[in-house]
Amino acid sequence: MEIEAAIGKKTGRWRALAALRHRNFRLFWSGQLISLMGTWMQNMAQGWLVLQMTNSPFLLGVVSAVQFTPLLVLALVAGVVADRVPRRRLLIFTQTSLMLLAFILGVLTLTGVVRFWMVLILAGLLGTVNTFDMPARQSFVVEMVGKEDLMNAIALNSSIFNAARIVGPALAGLVIGRLGMAASFLLNGASFIAVIAGLLLIRVPEKTDLVNARRPAVKQVGEKIVEGLRYIRRTPIVLHTITLMALLSIFAMNFTVLIPVLARDTLGQQAEGYGLLMSASGVGALGGALLLAVLSSRGPRLRLLLGGAAGLCLFQLLLASTRSYNLALLFLGFTGWSMITFTASVNTTLQLNVPDNLRGRVMSVYSLVFGGVTPIGSLFSGSIAHLWGAPAGLAAGATLGLISLLAVTSALRKTRLTILRSS
């Protein structure tokens with residue numbers, strides 16, 4: 001293929017597409033492009049369904065908490081499984097399971113028998129499957145492209161993730177408005193066919209690391225975990241960065257759980273308006289990701305990390321204070337921009353300041369504080385929104401996020417820390 005040959009040269013404009021010269025990655029990436037749009041459609045539709053059924057922001061937070069609790073409990077176990085089982089087979093199993101769960105929710109909704117407790121159970125199962133899917137999917141990339149094109153593959157995956165955040169919710173709003181709620185779930189189920197087909201066509205050696213294949217003793221696993229936690233505690237830049245990530249994950253980064261309530265009760269919007277609000281956040285995140293890609297050669301900056309955290313909280317405060325739909329779109333765009341700037345800076349800062357032999361354990365803690373504390377944040381935001389409305393929930397989270405940022409910034413200044421640059 002001419003395009004493959006051009007990409008293979010990795011010159012000029014094709015340099016940004018270097019990972020696509022690998023057949024396996026092209027199959028995987030193309031399937032993900034379709035499937036991720038379906039996933040965002042379901043995320044948006046599920047929140048709207050729960051709100052329509054219960055009229056309770058608190059129960060909306062409960063569903064989010066149930067969906068993310070498995071990540072908090074099983075993340076480390078999932079990492080071990082991803083090392084012990086051929087990852088392609090594991091991904092076929094998890095993607096097929098996610099497809100079936102989407103079809104089940106779609107059929108229950110289509111037939112009118114869906115109840116809140118059913119959504120709750122399905123959300124828990126969805127979270128459990130995703131917990132095992134995420135480490136397998138992330139670690140499978142290097143098997144498809146090798147280390148040389150790994151960073152480019154990660155960047156391309158990030159681009160389609162954020163593009164799906166734009167298209168998926170907006171498409172879900174249109175589908176709900178014209179075809180009904182069930183159609184979003186059924187279309188998501190169908191979207192998994194693309195990624196499953198790609199995985200079936202991929203050819204990689206299905207073997208695991210011989211060291212990891214040997215079943216480790218529980219005591220040895222515990223000692224390794226303690227070693228990683230001890231390193232974090234004794235390394236200020238890593239400790240403060242993870243601490244800030246954990247605090248903002250609880251207070252400020254769960255704003256999406258309140259968007260359906262804000263859209264309907266505060267801004268007077270229906271499903272289509274809600275979908276566009278979610279897409280606005282995705283547009284901002286995509287813009288932030290592209291800018292970071294341009295600036296990546298300069299390495300991470302402490303000012304960029306702290307600036308992203310501050311922007312996340314400040315724009316969320318502005319979002320809480322507005323009753324204008326157009327301004328809400330603007331503020332959500334900047335909130336998404338700030339969040340991706342912050343989270344990407346945290347990820348890069350940790351990766352550059354951690355030795356190779358501890359990177360996996362430190363990044364597993366990063367994963368826990370990134371998504372594992374979401375149940376706490378969802379219950380916090382949902383409870384406040386239930387009592388005083390979505391704007392109050394947004395404002396409370398943003399305010400506590402700013403307080404957390406000031407505390408961590410003070411600790412950083414006291415220790416006179418700098419972020420290491422890559423050589």
Set out, in order, the CA-CA distance, both residues' side-chain angles and the distance that settles side chain to side chain contact (heavy atoms under 4.5 Å, CB included) for Arg87 and Met144, then state yes or no.
CA-CA 11 Å; Arg87 295 181 183 115; Met144 294 183 287; over 6 Å; no

Check the pair Leu171 / Leu187 against side chain to side chain contact (heavy atoms under 4.5 Å, CB included), numbers first and verdict last.
CA-CA 11 Å; Leu171 185 59; Leu187 285 172; over 6 Å; no

Apply side chain to side chain contact (heavy atoms under 4.5 Å, CB included) to Leu105 and Gln42, showing your working.
CA-CA 10 Å; Leu105 182 55; Gln42 171 147 337; 4.1 Å; yes

Is atom [atom1] of [X] surrounded by more than 12 heavy atoms (other residues, nucleotides or ligands) closer than 6.0 Å?
{"X": "Tyr325", "atom1": "OH", "answer": "yes"}
{"X": "Phe93", "atom1": "CZ", "answer": "no"}
{"X": "Phe380", "atom1": "CZ", "answer": "yes"}

Keeping the roles fixed (side chain from [X], backbone from [Y]), state whether a donor-acceptor pair exists under 3.5 Å.
{"X": "Tyr274", "Y": "Gly47", "value": "no"}
{"X": "Thr128", "Y": "Pro70", "value": "no"}
{"X": "Ser410", "Y": "Leu406", "value": "no"}
{"X": "Thr111", "Y": "Leu108", "value": "yes"}
{"X": "Arg137", "Y": "Leu91", "value": "no"}
{"X": "Thr322", "Y": "Leu319", "value": "no"}
{"X": "Asn24", "Y": "Arg203", "value": "yes"}

With rounding to the nearest 0.5 Å, note down the distance linking [atom1] in [X] to [atom2] in [Y].
{"X": "Phe255", "Y": "Leu312", "atom1": "CZ", "atom2": "CG", "result": "6.5 Å"}
{"X": "Arg264", "Y": "Gln52", "atom1": "CZ", "atom2": "CD", "result": "6.0 Å"}
{"X": "Leu247", "Y": "Leu402", "atom1": "CG", "atom2": "CG", "result": "12.0 Å"}
{"X": "Thr131", "Y": "Leu126", "atom1": "OG1", "atom2": "CG", "result": "9.0 Å"}
{"X": "Ser404", "Y": "Leu248", "atom1": "OG", "atom2": "CG", "result": "6.0 Å"}
{"X": "Phe334", "Y": "Ser281", "atom1": "CZ", "atom2": "OG", "result": "12.5 Å"}

Criterion side chain to side chain contact (heavy atoms under 4.5 Å, CB included) on Gln95 and Ser35, from CA distance to verdict:
CA-CA 10 Å; Gln95 294 291 309; Ser35 180; 4.2 Å; yes

Heavy-atom closest contact ([X] atom, [Y] atom, distance):
{"X": "Gly401", "Y": "Cys313", "result": "C-SG, 3.6 Å"}
{"X": "Gln67", "Y": "Asn43", "result": "NE2-OD1, 4.5 Å"}
{"X": "Ser56", "Y": "Leu51", "result": "N-CD1, 4.3 Å"}
{"X": "Val408", "Y": "Thr243", "result": "CG2-CG2, 4.5 Å"}
{"X": "Arg23", "Y": "Ile202", "result": "NH1-CA, 4.5 Å"}
{"X": "Ser338", "Y": "Phe315", "result": "OG-CD1, 3.7 Å"}

Pick out which of Leu100, Leu101, Thr39 makes a side chain to side chain contact (heavy atoms under 4.5 Å, CB included) with Phe192.
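The single option meeting the side chain to side chain contact (heavy atoms under 4.5 Å, CB included) with Phe192 is Thr39.
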
